[in-house]
Amino acid sequence: QVNLVESGGGLVQAGGSLRLSCAASGRTFRRDTMTWFRQAPGKEREFVAGIFRSNGGPYYADSVKGRFTISRDNDKNTVFLEMNSLKPEDTGVYYCAAAPTIILSSMRDYRQYNYWGQGTQVTVSS
């Protein structure tokens, strides 16, 4: 059984930081593209950051560039999202996703991903 389990979400004040983790099990993800998406209430799921195998990239949404950092530890089958200078508009459920084969132009399309975690809530208060 393939599992992606996110952790590290919580409530933080604007300007604060959080570090999300996504632990994968059930298969090796070292060759997969690993990506973080988020979804705010009433909004569509949106791309946040993605990283190809062997740390190719990374790529970020313009709204988080310079504040968020995605990284991966292939030995531990884990991907991270370091979030700094958080803003209220960063609030949402953050999902980890994996795709064995994906091209750069499709990275931001959530429909291209095969595996998903259950999500972790991030709430940024003003």
Side-chain angles (χ1 to χ4, degrees):
Q1 183 177 357
V2 175
N3 280 313
L4 297 176
V5 180
E6 303 97 334
S7 61
L11 173 63
V12 64
Q13 288 190 330
S17 299
L18 285 173
R19 188 187 195 218
L20 306 184
S21 298
C22 172
S25 62
R27 60 184 286 276
T28 181
F29 286 85
R30 63 176 59 241
R31 291 188 175 87
D32 289 11
T33 297
M34 302 296 293
T35 301
W36 288 93
F37 288 84
R38 68 186 180 190
Q39 189 164 19
K43 294 190 176 181
E44 194 170 90
R45 194 166 297 191
E46 66 172 353
F47 170 84
V48 176
I51 188 167
F52 285 108
R53 63 183 181 184
S54 303
N55 291 314
Y59 301 90
Y60 298 97
D62 288 343
S63 58
V64 308
K65 205 171 292 184
R67 300 186 298 121
F68 290 12
T69 303
I70 187 172
S71 61
R72 65 191 296 167
D73 184 335
N74 286 336
D75 291 336
K76 296 182 179 179
N77 243 10
T78 303
V79 63
F80 305 96
L81 186 68
E82 186 77 33
M83 307 187 295
N84 298 312
S85 302
L86 282 161
K87 304 176 181 180
E89 51 264 43
D90 293 318
T91 294
V93 178
Y94 282 68
Y95 297 93
C96 172
T101 56
I102 197 167
I103 58 176
L104 179 57
S105 59
S106 298
M107 175 182 271
R108 298 166 189 257
D109 183 356
Y110 68 88
R111 297 166 296 182
Q112 303 299 321
Y113 289 80
N114 307 79
Y115 305 103
W116 289 88
Q118 83 291 346
T120 185
Q121 176 70 45
V122 171
T123 303
V124 184
S125 63
S126 57

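Note: hydrogens, waters and symmetry copies are ignored here, and every other heavy atom, side chains too, is used.
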S.K.: Would you please test Lys87 and Asp90 for salt bridge (Lys or Arg N to Asp or Glu O under 4.0 Å) and show each step?
M.R.: CA-CA 5 Å; Lys87 304 176 181 180; Asp90 293 318; over 6 Å; no
S.K.: Is any side-chain heavy atom of Thr69 less than 4.5 Å from a side-chain heavy atom of Phe80?
M.R.: no
S.K.: Keeping Glu6 on the side-chain end and Gly119 on the backbone end, is there a donor-acceptor pair under 3.5 Å?
M.R.: yes
S.K.: Do the rings of Phe52 and Tyr59 sit parallel, tilted or perpendicular, given the 30° and 60° boundaries?
M.R.: perpendicular
S.K.: From Asp73 CG over to Arg30 CZ, what is the distance, rounded to the nearest 0.5 angstrom?
M.R.: 9.0 Å
S.K.: For residues Val122 and Met83, determine if any side-chain heavy atom of one lies less than 4.5 Å from a side-chain heavy atom of the other.
M.R.: yes
S.K.: Does a side-chain heavy-atom distance below 4.5 Å link Phe29 with Tyr115?
M.R.: yes
S.K.: Using a 4.5 Å cut-off on heavy atoms from C-beta on, say whether the side chain of Arg27 contacts that of Pro100.
M.R.: yes
S.K.: Can you classify the ring geometry of Tyr94 versus Phe68 as parallel (below 30°), tilted (30 to 60°) or perpendicular (above 60°)?
M.R.: tilted
S.K.: When hydrophobic residues are tied together by side-chain contacts of less than 4.5 Å, even through go-betweens, does Leu104 share a cluster with Tyr110?
M.R.: yes
S.K.: What are the two closest non-hydrogen atoms of Trp36 and Leu20, and how far apart are they?
M.R.: CH2-CB, 3.7 Å
S.K.: Is Thr123 reaching over with its side chain to a backbone N or O of Thr91, donor-acceptor style, under 3.5 angstrom?
M.R.: no
S.K.: Could you tell me the separation between the NZ atom of Lys43 and the CZ atom of Arg38, rounded to the nearest 0.5 Å?
M.R.: 8.5 Å
S.K.: Met34, Val2: one ILVMFWY side-chain cluster at the under-4.5 Å cut-off?
M.R.: yes
